[in-house]
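First the structure, in the form of structure tokens, and then the observations on it.
Since the model is a prediction, treat every value here as computed from it, not as a measurement. All values below were derived from every heavy atom in this structure, side-chain atoms included, with hydrogens, water molecules and symmetry-related copies excluded.
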Amino acid sequence: MNLRRVVLLLAVAAAFLYLRWPSAGRVVANTIVAAENGYIQYKAVRYEAAWDPEVTHAGDVRLIERAKYKSAPFFTHHAIVTTGDYSDPGLVKIGDSGGGNFYWTAKQRPEGTLVVLHLVPRSRPVLKELERVGVGDSVELVGREEVDGGVEGSDGSYLRLTHDNHRYLLLDRARILPR
């Protein structure tokens, strides 16, 4: 291998390492959650939001994956939690539109619920609980929801949920339920 190829390979590797997303553990380590005071801070940026008292989302996990939002890097995962017909992959198909947006299709109107949770684990132990959750698990996710679907960053960034069934959730506990 000549020098030019080695330099090119090293440049590609360096770009990959520089541009890749931080691990969920590193995100949690760099996040301060002060919901009682109306903010979350990730590194040097403070995100203002209003948080409700504790809520519980219980149901079946149809999707769980690592979230990657440049405008809100403190969200580590999003999960789709369902009940009723929405829990049956044979009745309801779920797709990913990208950017934390999802859609569902069915041959007839399903009964039950489907909620998309954009999750901020409060601590490393809570992140570890969340990382044990998989598709098909019956779960209980407990935390505080953001009140009006808006989060504003001190750097000028702003996020707004545009779907009624999407929620920002500061996650206090993630528990897999017995079937």
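Proximity of a side-chain donor or acceptor of Asp155 to a complementary backbone N or O of Ser157 within less than 3.5 Å is detected. A donor-acceptor pair under 3.5 Å is absent between the side-chain atoms of Gln41 and the main chain of Arg46, judged by distance alone. Using a distance-only test at 3.5 Å, with no hydrogens or angles considered, no donor-acceptor pair links the side chain of Asn37 to the main chain of Tyr39. At distances below 3.5 Å, not a single donor-acceptor pair connects side-chain atoms of Glu152 with backbone N or O atoms of Gly156.
Residues Asp164 and His166 fail the side-chain proximity criterion, which asks for heavy atoms closer than 4.5 Å. Taking 4.5 Å as the limit, every side-chain heavy atom of Val116 sits out of range of all side-chain heavy atoms of His163. Side-chain contact between Pro121 and Phe74: absent, with no pair of heavy atoms (C-beta onward) separated by less than 4.5 Å. A heavy-atom distance below 4.5 Å is not found between the side chains of Arg132 and Asp137.
A distance of 10.5 Å separates CG in Leu119 from CG in Leu127, rounded to the nearest 0.5 Å. In this structure, Ser154 OG and Glu48 CD are separated by 8.0 Å, a value rounded to the nearest 0.5 Å. Interatomic distance, OH of Tyr103 versus CD1 of Ile94, reported as 10.5 Å (0.5 Å rounding). Of the inter-residue distances, the one linking Ser123 atom OG with Glu129 atom CD reads 7.5 Å to the nearest 0.5 angstrom. Between Glu146 atom CD and Leu161 atom CG the span is 7.5 Å, to the nearest 0.5 Å.
Transitive grouping of hydrophobic side chains (ILVMFWY, heavy atoms separated by less than 4.5 Å) keeps Leu130 and Phe75 in distinct clusters. There is no path of hydrophobic side-chain contacts, each under 4.5 Å, that joins Leu141 to Trp51. Hydrophobic clustering places Tyr42 together with Leu170 (ILVMFWY residues linked when any side-chain heavy atoms are closer than 4.5 Å, directly or through intermediates). The cluster map of Ile, Leu, Val, Met, Phe, Trp and Tyr, joined by side-chain heavy atoms under 4.5 Å apart, puts Val142 and Ile80 in different clusters. A chain of hydrophobic side-chain contacts below 4.5 Å, direct or via other Ile, Leu, Val, Met, Phe, Trp or Tyr residues, connects Ile40 to Tyr69.
In terms of heavy atoms, Gly150 sits closest to Tyr158 at CA-OH, 4.0 Å. Among all heavy-atom pairs drawn from Ala24 and His77, the shortest one is CB-CE1, 4.0 Å. In plain terms, the two heavy atoms of Gly100 and His118 that are nearest each other are O-CE1, 3.4 Å.
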So Val81 and Leu117, side-chain contact (heavy atoms from CB on, under 4.5 Å) or not? Walk me through it.
-> CA-CA 8 Å; Val81 179; Leu117 300 172; 4.0 Å; yes
Test log, rule side-chain contact (heavy atoms from CB on, under 4.5 Å), inputs Val115 and Arg167 = CA-CA 7 Å; Val115 64; Arg167 308 281 187 279; 3.9 Å; yes
Working for side-chain contact (heavy atoms from CB on, under 4.5 Å), residues Leu171 and Thr76 = CA-CA 11 Å; Leu171 188 64; Thr76 65; over 6 Å; no
Atom pairs and distances, side-chain donor-acceptor, residues 27-36, under 3.5 Å, sequence neighbours left out:
from: Asn30; atom 1: ND2; to: Arg26; atom 2: O; distance (Å): 2.9
from: Thr31; atom 1: OG1; to: Val27; atom 2: O; distance (Å): 2.6
from: Glu36; atom 1: OE2; to: Arg144; atom 2: NH1; distance (Å): 3.2

Donor-acceptor contacts, no H, no angles, side chain residues 106-114, under 3.5 Å, sequence neighbours left out:
from: Thr113; atom 1: OG1; to: Thr83; atom 2: OG1; distance (Å): 2.7

Without placing hydrogens or testing angles, list every side-chain donor-acceptor pair under 3.5 Å for residues 53-65, not counting sequence neighbours.
from: His57; atom 1: NE2; to: Glu145; atom 2: OE2; distance (Å): 2.5
from: Asp60; atom 1: OD1; to: Arg179; atom 2: NH1; distance (Å): 3.2
from: Asp60; atom 1: OD1; to: Arg179; atom 2: NH2; distance (Å): 3.3
from: Asp60; atom 1: OD2; to: Ser87; atom 2: OG; distance (Å): 2.8
from: Arg62; atom 1: NH1; to: Tyr86; atom 2: O; distance (Å): 2.6
from: Arg62; atom 1: NH1; to: Val92; atom 2: O; distance (Å): 3.2
from: Arg62; atom 1: NH2; to: Val92; atom 2: O; distance (Å): 2.9
from: Glu65; atom 1: OE2; to: His78; atom 2: NE2; distance (Å): 2.9

